[in-house]
Structures are given as C-alpha cells and as structure tokens.
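See structure below.
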Amino acid sequence: MILAGGAARRLGGVDKPALRVGGRALLDRVLDACRGAGRTVVVGPRRPTVRPVRWAREEPPGGGPVAAVDAGVRQTTAPLVLVLSADLPFLTPETVRALLDGIEGAGGGQGTEGVQATEGTDATVGTDATVGTDATVGTDATVGIQAIGGVQGTGGIQATGGVQGIEGTVLIDSDGREQPLVAAYRAEPLRREIALLATEHGGLGGLPLRLLVSELALARLQHPTASFDCDTWEDITTARARIREHGHVLDEWIAAVKAELGIDLDVDTAALLDLARDAAHGVARPAAPLTTFLVGYAAAQKGGGPEELAAATEKAAALAARWAEEQ
C-alpha cells in the first residue's frame, strides 16, 4: 500500500510522487521495489505509473495519512500489509523483505506466499503489495531489528509482551525516529485501531499517524538510508547527488535502464565489466561496448534469462582472452 496523496506543501505543492530521481519518478522507484507483489494499491490521485496498480482514494480526499491507510487496507484481505510512502528513493527489495521477516520471524505471521504489502514493498511472487519503492543505494537491512521494549525474542527481535505480541515492524531513521510509513503491519490490529479511532473521533480525517500506531506492539528496524524521504527540495537534491556517487551510480543506472526497457533480469555487472575491459585492452577500445551489446543480443536470441546471459558472457570473455594471447 503506497500513500501518494500528500499536499507536498514544503515543495510548493508540486506533484511529489512524480518528481524524478535518477531519471525515474519517486513513485515508480517505490513500485519497482515491490514488483513481485500480487496486488499493489496506490492511495492518491491517478497518475501515470511504470506498471498497472489498483487505485484508491482516502475519504475525504486530502484527509491525511490515517484516512489514506484506511482506504488502502480496505483493498486487501492479506494478513500482512506493507505500508509505504511514495517518496522513498532508496527503498530496496531487501529492506521490504526485512520488514516482512521482522513480523514473520516473530511467529504467527504469514509466510512468503500471500503476503500483502501496503505502501510500496517488494515481495516474492504471490505477495500482495500496496506501493513500494526502488532503491539501489543502501545496505542490507536484515539485521538490527530491536524492540520498543519487552523481552528479547527470536532473531534479535524484541516486543512488548513477548515475540508473539509483535504487530508490526517499523524502520527508524538516522535520528532514531520511527517511520510508520516505512513499515509492515499485521492487518487485523491495523483495522482494529482504525475502527477505534473512527469511533472515538467521529472520523479519520486530519488525524495524525502516531495515533494509529501508538497502541501497536512494534519491532524496530535500523536502516537510515532506506528510510530517507524527500520532503524538501534539499532532500531531492541530496537524493539526486547520492545516486551519482561512485559505488552507486552503475547499479542505479542499470536499474533505471532495466525499468525503462521493461527488462526483469539480474545483471552480473562485474562479469560484463570484466568482459568490456578485456575487449578494450586485448582488441581495441571500441570493441568494449560493441562486444557487450552483442552478448546481450545473443542472450536474448537464446531466451534472455540469466543463464543465457552468463553463457554468452563466458564465451565472449574466452574469445577475448584468446585474441589477446595472439598479440
């Protein structure tokens, strides 16, 4: 479930989910992180997206995050929901998996199949996701889950009332603050709190998100990079600069190209770069891009999967080595 209906006042009211980082809209980056979901729900005004999604709208329109979560959760029957905001440029499938594992590992959670994601998450095939994000920058988020108090549980998870009492996993940012819109929740406790708030306040419009999650027993996942969101133009500038840093730029570029071309293929970047280097040094510099192009074309003719690509790369690398030996 991805929340994409905010007013973006600190950005002058622009359509924030449509702002581009690394040549791709923020919303599309989140969607790419949950491309394996069985269902993706975006709560907000309709806009072009990189792939089909299910649209929902909070009541009243512009009624705030609690109303938006209610609109999104009504679109699912899955036991787990992943709730994300649409402005997470560095969210990765690994972080999404870690959020879900934080609940599933606590016991009593839904397994891989049938998991639903509420605002942008990635999941294995059959998982139900409501809006996710893509991000290459960042580190593995499978460790560092801590309690909001309570007894130590399995895998380092702590939770009030014991491991079985965990009702969600939430990311915390670099300042130690919880980010409830980068989180996975059990659906039933979420619906329970929504119903209680609606009864107590006569509606959900304008309610702060902290009221919805304050009574839930949450585990905490430390991953400052993935929780980075874009609230200001300075944040947008920072995100655009970070993906161009050495060590990130190639992964970001390849992810962008694959999304643009509609290619869902794990690319062995190191092997292709080694091939390009050998072709450039052993043959001639223009041979590098031409060789890698021909490898991709040959792999596509054979079916285009990872095995075909690896085989074509290996053959071309062996040829480049033989060529160099003759000099």
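Side-chain atoms are counted along with the backbone in the values below, which use heavy atoms only and exclude waters and symmetry mates.
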Practice task
Start with the C-alpha gap between Glu252 and Val249, add the side-chain angles, then the distance that decides, and say whether side chain to side chain contact (heavy atoms under 4.5 Å, CB included) holds.
Solution key: CA-CA 5 Å; Glu252 284 286 349; Val249 64; 5.7 Å; no
Practice task
Decide side chain to side chain contact (heavy atoms under 4.5 Å, CB included) for Tyr185 and Val73; before the verdict, give the C-alpha distance in whole Å, the side-chain angles of both, and the deciding distance to 0.1 Å.
Solution key: CA-CA 11 Å; Tyr185 301 98; Val73 81; over 6 Å; no
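Atom NZ of Lys16 is separated from atom CG of Leu11 by 6.0 Å, given to the nearest 0.5 angstrom. To the nearest 0.5 Å, atoms OG (Ser174) and CD (Gln222) are separated by 11.5 Å. To the nearest 0.5 angstrom, Gln179 atom CD is 10.0 Å from Leu209 atom CG. A distance of 9.0 Å separates CG of Leu204 from OG1 of Thr199, quoted to the nearest 0.5 Å. From Asp229, atom CG reaches atom CG of Asp87 across 5.0 Å, with rounding to the nearest 0.5 Å. Rounded to the nearest 0.5 angstrom, Leu190 CG and Leu80 CG are separated by 11.0 Å.
Ile254 is listed as a side-chain neighbour of Thr269, based on a closest heavy-atom distance under 4.5 Å. Residues Leu218 and Thr169 fail the side-chain proximity criterion, which asks for heavy atoms closer than 4.5 Å. At a threshold of 4.5 Å between non-hydrogen side-chain atoms, the residues Val42 and Thr49 do not count as touching. A heavy-atom distance below 4.5 Å is not found between the side chains of Asp70 and Glu58. Put simply, the side chain of Ile194 reaches to within 4.5 Å of the side chain of Val69, judged on heavy atoms. In this structure, the side chains of Ile243 and Pro89 stay at 4.5 Å or more apart for every pair of heavy atoms. Two residues are said to be in side-chain contact when any heavy atoms from C-beta on lie closer than 4.5 Å; Trp55 and Val43 fail this criterion. In this structure the side chain of Trp233 reaches within 4.5 angstrom of the side chain of Leu19, judged on heavy atoms.
Atom CZ of Arg210 is surrounded by 12 or fewer heavy atoms from other residues, nucleotides or ligands within 6.0 Å. Heavy atoms from other residues, nucleotides or ligands lying under 6.0 Å from CD of Glu234 number 12 at most. Enclosure of atom CZ in Arg74 is not indicated, since only 12 or fewer non-hydrogen atoms of other residues, nucleotides or ligands lie within 6.0 angstrom.
Here the side chain of Glu314 pairs no donor or acceptor atom with the backbone of Ala311 at under 3.5 angstrom. Panel note: side chain Arg240, backbone Gly22; no donor-acceptor pair is recorded below 3.5 Å. The backbone N or O of Asp175 lies less than 3.5 Å from a partner atom in the side chain of Asp173, making a donor-acceptor pair. When atom types are taken as modelled, the side chain of Thr95 and the backbone of Leu91 share no donor-acceptor pair closer than 3.5 angstrom. Although no hydrogens or angles enter the test, the distance criterion places no donor-acceptor pair under 3.5 Å between the side chain of Arg57 and the main chain of Gly5. Side-chain N or O atoms of Arg220 include one that pairs as donor or acceptor with a backbone N or O of Gly176 at under 3.5 Å.
A salt bridge links Arg192 with Glu167; the closest basic N to acidic carboxylate O contact falls under 4.0 Å. Using a cut-off of 4.0 Å between Lys/Arg side-chain N and Asp/Glu carboxylate O, Arg191 and Glu188 are scored as salt-bridged. A salt bridge does not link Arg24 with Asp28: none of the charged nitrogens is closer than 4.0 Å to a carboxylate oxygen.
Both Val257 and Val295 are members of a single hydrophobic cluster when ILVMFWY side chains are connected at heavy-atom separations under 4.5 Å. The same ILVMFWY cluster, assembled from side-chain heavy atoms under 4.5 Å apart, contains both Val53 and Val50.
When only modelled atom types and interatomic distance are considered, Arg97 and Thr92 share no side-chain donor-acceptor pair under 3.5 Å. Side-chain contact, Asp235 with Thr232: a donor N or O sits under 3.5 Å from an acceptor N or O.
With Val66 as the partner, the side-chain contact (heavy atoms from CB on, under 4.5 Å) test is satisfied by one option alone out of Leu212, Val213, Leu211: Leu212. Of the listed residues (Leu99, Ile172, Val182, Leu171), just one forms a side-chain contact (heavy atoms from CB on, under 4.5 Å) with His223, and that residue is Leu171.
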